[in-house]
Amino acid sequence: MEDQQIATLLTSSAQFTPIPGFKITYGTAGFRANASVLSSTVFCAGILAALRSLKTGKMVGLMITASHNPIDDNGVKIADPSGGMMAQTWEPFADALVGFQSPEELVQLVLEFTKKEKISFGGPKSAVILLGRDTRPSGKSLLECAKRGIASIIGAVAINMGILTTPQLHWMVRCRNKDINASEYDYFKQLSKSFMSLVGLNPLKETTSSKPNSTLLIDAANGVGGEKLHEVKKSLMGIELQVRNSGKEGILNDGVGADFVQKEKVAPQGFGPSDVGMRCVSLDGDADRFVYFRVISTDSNKIDLIDGDKILSLFALFIKAQLNILQKMDDKGAGDQFVTRIGVVQTAYANGASTDYLRQLGLEVAFTPTGVKYLHEKAAEYDIGIYFEANGHGTILFSDTFLSMIEARVNEPMFSSTGSEYERAILRLVAVTQLINQAVGDALSGLLLVEAILQYMGWSIETWSKLYRDLPSRQLKIKVADRTAVITANAETQVVKPFGLQKMIDSETAKYTKGRCFIRPSGTEDVIRVYAEASTQEAVDTLAQSVGQIVGDILG
Ligand code: NG1
Ligand code: ZN
C-alpha cells in the first residue's frame, strides 16, 4: 500500500512546481497570499486536510478564502472535526509541507509525519473532506488544486459544498460529525427558527416609541454574505434586511466591508448622509465577522462605530440578565442552583473602555494573542465563553455541562413553554445556543442575535452605542522589508525583537494621557500593524504616526 501511495504522491506533486524563494506560513487564519502564487500551497492543503481526517477518523473542512484581503489575494484553511480551526500542533508540518522543493522531498515529509502521528494509509476508514469557497474569481481553479491534493491520498473523498460563507462550512463540518443534518437548507432553517423563537420570547411590554426600527441596512462587502442574506431574508418576519454591496457591481472588500469600516471609521461605499438615523451593519468578504455603525453627519461619511467589543458587551449583558432571572428563582428554592462560570475573551486590540466596562459588570476578562484560534480555545474553558475581536469576529460557546443543565430544566415535568419569566429565560438561552454558531464567528447568526437582543431591550442603536464611550484609537499598517523581524510577547503587547524597539514605543506612549500602543506583524497581510489609544483623537493620531515612523525607520 505504501508503495502505491508514494507513487501517487510523486506523480501528483510533480504537476505543482514550487516558486523559488516563495515562503508562506499558516498565519493567523490559514495560508494567504496573492492568488497567482497559491496553486501548490492549496494542493498541499488538500493533502494536509486528508491526513487530518485520517488522523482524527472524522470529516474535516477545507475553505478557500482570504476573508477581508483584497480581491487578488486568496487563501486556504482547514476546519477540524469540531468545526473549529485546525489544531495548532499541526501548523509546523503544514508550513514544512507547503515549502516542498521537489516531489521526493514532499513524499519524505509526508512519510516522516505520518509515521510520527501513527497515520496509516489504506485502513478501514477513509478520509472525507468538505470543500467550500467564497466568491473570489480565483476560487474555482484553486479548489481544483485542493481536490488534486486530496486525490493524492489514496481513498480520500472530497465533497464539494460549493460557494459558502466560512462559518457555514465550519458549521457543516461540526454538524456532520455529530450526525446532524447539515445542508445549506438546514443551516438557514436553524437560523430562522431560532431567531423567530428568540424574538417570540421577548417581553410583550414595548410601546411603539421604545421599539427599535425594524429595518437593518447591510453592507455585504461585495462578498459571499450578500447572496446568502437573500436566502435568510425569505424566512424571517418582524425584521427587514436591506442588503447593499451584494457583489453585483462593486469590488470585493474595496472601500466596503467590516475591515474597512472598523479600521477607517467611515461609511462604506453605498452608504452616506442619507442614512443618518438608520441602523447599519457591515460584514467582511467571507461573512465571518461584522461591525455595526450609524452615519452621524448629514454632510460627511463620519460614523459612530459599534465594534466587536460592543457586540460582546451586548451579548454579555443579555446572557447575564437571563442568568439573573434563573438565579432569583433558584434563590427562592425553585431548583438546584445553576452553577455557571461566564468568561469573556478579548485581544490587545480591544478598546480599553470596553474591558473596564465588562469588568464593572463583574465579568472575568481574559486576553489572548490575535486570531480566533486562540480566543476560541480560551473561551471553551468556561460554561459560557463569549469571545470577540474588536474587528467583529467572535461568538458564544456553551459547555456540554451547561447545555445538559438547561435541557434538564426544559424537560422538568412542570415546565411549560408559555409560562413564567423564569421559563422564558431558559427558553431564550436555548434559542441562543441554537442561533449562535458554536464552531466559529458567523456574521449572519451574530447579527440576528444582535437584532433579537435590541428588540428584547427595546434599544435603538444609539442607546446601545452609549453603553460606554470608546477611547479614541487609531490603527496603521506599515510596509517593511521583513515583517518576521518583529517578535512579540505577552499576548503581543511587547516587542522582544528588534531589541530596543519596545523602549522607543514606551517612551513615545508615555507622552500621552491614557496612552497605549503596541505593534505586531500581521498574520494575514505583509505589514506591521500599529495600534494606539489615547484620550483624544488628535493625540492618538500623532502617537500612531510617530510609532509608525519609528517602525519604518528601524525596519525600513
Ligand atoms: P492579522 O492580519 O494577523 O492582524 C487579521 C485580524 C485578526 C483576524 C485575522 C483573520 C486585526 C487587527 N487582525 O489578522 O483579528 O480576524 O485577520 O481574518 O483586525
Ligand atoms: Zn473573514
Side-chain angles (χ1 to χ4, degrees), residues 25-33 63-71 73-77 79 85-86 91 132-136 164-170 220-225 228 252-253 256-265 282-291 305 307-309 311-312 345-351 367-376 387-395 437 439-444 446 473-479 483-484 486 488 491-493 517-533 544:
T25 55
Y26 202 77
T28 319
F31 296 109
R32 278 190 207 175
M63 181 75 194
I64 312 265
T65 176
S67 184
H68 62 275
N69 287 40
I71 190 159
D73 283 359
N74 215 328
V76 60
K77 57 183 162 188
M85 303 292 174
M86 181 184 76
E91 290 183 13
R133 67 178 174 97
D134 67 15
T135 50
R136 284 165 199 271
L164 295 175
T165 70
T166 295
Q168 278 184 315
L169 182 80
H170 284 257
N222 292 321
V224 63
K228 302 302 177 192
L252 174 75
N253 295 335
V256 293
D259 199 60
F260 171 81
V261 170
Q262 189 237 350
K263 306 255 165 29
E264 304 301 324
K265 299 201 186 99
S282 218
L283 320 186
D284 77 338
D286 62 340
D288 62 353
R289 38 167 146 140
F290 66 111
V291 290
L305 174 74
D307 64 3
D309 304 334
I311 297 171
L312 188 164
V345 189
Q346 300 191 303
T347 73
Y349 288 104
N351 195 283
F367 282 86
T368 71
T370 304
V372 288
K373 56 188 177 189
Y374 303 112
L375 290 108
H376 193 97
Y387 71 85
F388 260 89
E389 295 186 305
N391 63 27
H393 195 156
T395 191
N437 194 325
V440 77
D442 181 337
L444 304 190
S473 69
R474 176 62 62 204
Q475 284 202 51
L476 298 178
K477 297 185 201 180
I478 312 290
K479 277 248 168 229
R483 75 188 201 274
T484 62
V486 173
T488 60
E492 303 178 312
T493 51
C517 181
F518 66 92
I519 68 158
R520 57 176 277 281
S522 159
T524 61
E525 296 172 62
D526 195 11
V527 293
I528 296 285
R529 295 194 192 279
V530 176
Y531 176 87
E533 259 174 35

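Indexing begins at 1, ligand by ligand and atom by atom, following the structure's order. Predicted, not measured: the structure shown is a model, and the values here were computed from it.
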- Polar proximity ligand 1 side, Gly523 side, N/O cut 3.5 Å exclusive: yes
- Message: Before moving on, can you tell me the angle at the Zn ion (ligand 2) between the OD2 atom of Asp284 and the OG atom of Ser67, to the nearest 10 degrees?
- Response: 90°
- Between Glu525 and ligand 1, is there a nitrogen or oxygen pair with a distance under 3.5 Å? no
- Can you tell me the protein heavy atom closest to atom 18 (O) of ligand 1 and the distance? Arg32 NH2, 3.3 Å
- Query: Can you list the steps and then say if Lys373 with Thr368 is a side-chain hydrogen bond (donor to acceptor under 3.5 Å, both in side chains)?
  - Reply: CA-CA 10 Å; Lys373 56 188 177 189; Thr368 71; over 6 Å; no
- Nearest to the Zn ion (ligand 2), which N, O or S atom of Asp288 do we find? OD1
- Query: What part of Tyr531 sits under 4.0 Å from ligand 1 if we count only heavy atoms: the side chain, the backbone, both or neither?
  - Reply: neither
- Numbered in order shown, the ligand 1 atoms found under 4.0 Å of a heavy atom of Lys263 are 11 (C), 19 (O)
- Query: Does a donor on one side chain sit under 3.5 Å from an acceptor on the other, for Glu389 and Thr370?
  - Reply: no
- Query: How about Asp286 and Thr166: does a side-chain donor come under 3.5 Å of a side-chain acceptor?
  - Reply: yes
- Note on the structure: The closest protein heavy-atom partner of atom 17 (O) of ligand 1 is His68 CE1, 3.3 Å
- Judged by non-hydrogen atoms, does Gln262 sit under 4.0 Å from ligand 1? no
- Item | Passing option when Val256 is tested against Asn222, Asp284, Leu283 for side chain to side chain contact (heavy atoms under 4.5 Å, CB included) | Asn222
- Message: Judged on heavy-atom distance to atom 3 (O) of ligand 1, which of Asn69, Asp286, Thr28, Thr524 sits nearest?
- Response: Thr28
- Note on the structure: Closest non-hydrogen atoms of Ala287 and Gly225, given as atom of the first, atom of the second and distance, are CB-CA, 4.0 Å
- Query: Can you name the closest pair of heavy atoms from Phe290 and Asp442 and give their distance?
  - Reply: CE2-O, 4.3 Å
- Could you tell me whether the side chains of Arg32 and Tyr26 share a donor-acceptor contact shorter than 3.5 Å? no
- Item | Contact atoms of ligand 1, heavy-atom distance to Ala29 under 4.0 Å | 10 (C)
- Task: Supply the atom-to-atom distance Glu533 CD to Arg474 CZ, rounded to the nearest 0.5 angstrom.
- Result: 12.5 Å
- Query: Between Asp307 and Val291, what is the shortest heavy-atom contact and its length?
  - Reply: CA-CG1, 3.9 Å
- Message: How far is atom 6 (C) of ligand 1 from the closest protein heavy atom, and which atom is that?
- Response: Asn391 ND2, 3.5 Å
- Are the aromatic rings of Phe388 and His393 close, with centres under 6.0 Å apart? no
- Item | Heavy-atom nearest option to atom 8 (C) of ligand 1, drawn from His393, Arg529, Glu389 | Glu389
- Message: So if I count the atoms of ligand 1 from 1 in the order they appear, which ones are less than 4.0 Å from some heavy atom of Arg289?
- Response: 16 (O), 17 (O), 18 (O)
- Message: With nothing but distance in play, are any N or O atoms of Arg520 less than 3.5 Å from an N or O of ligand 1?
- Response: yes
- Message: With carbon and hydrogen excluded and only N/O/S kept, which atom of Asp286 is nearest the Zn ion (ligand 2)?
- Response: OD1
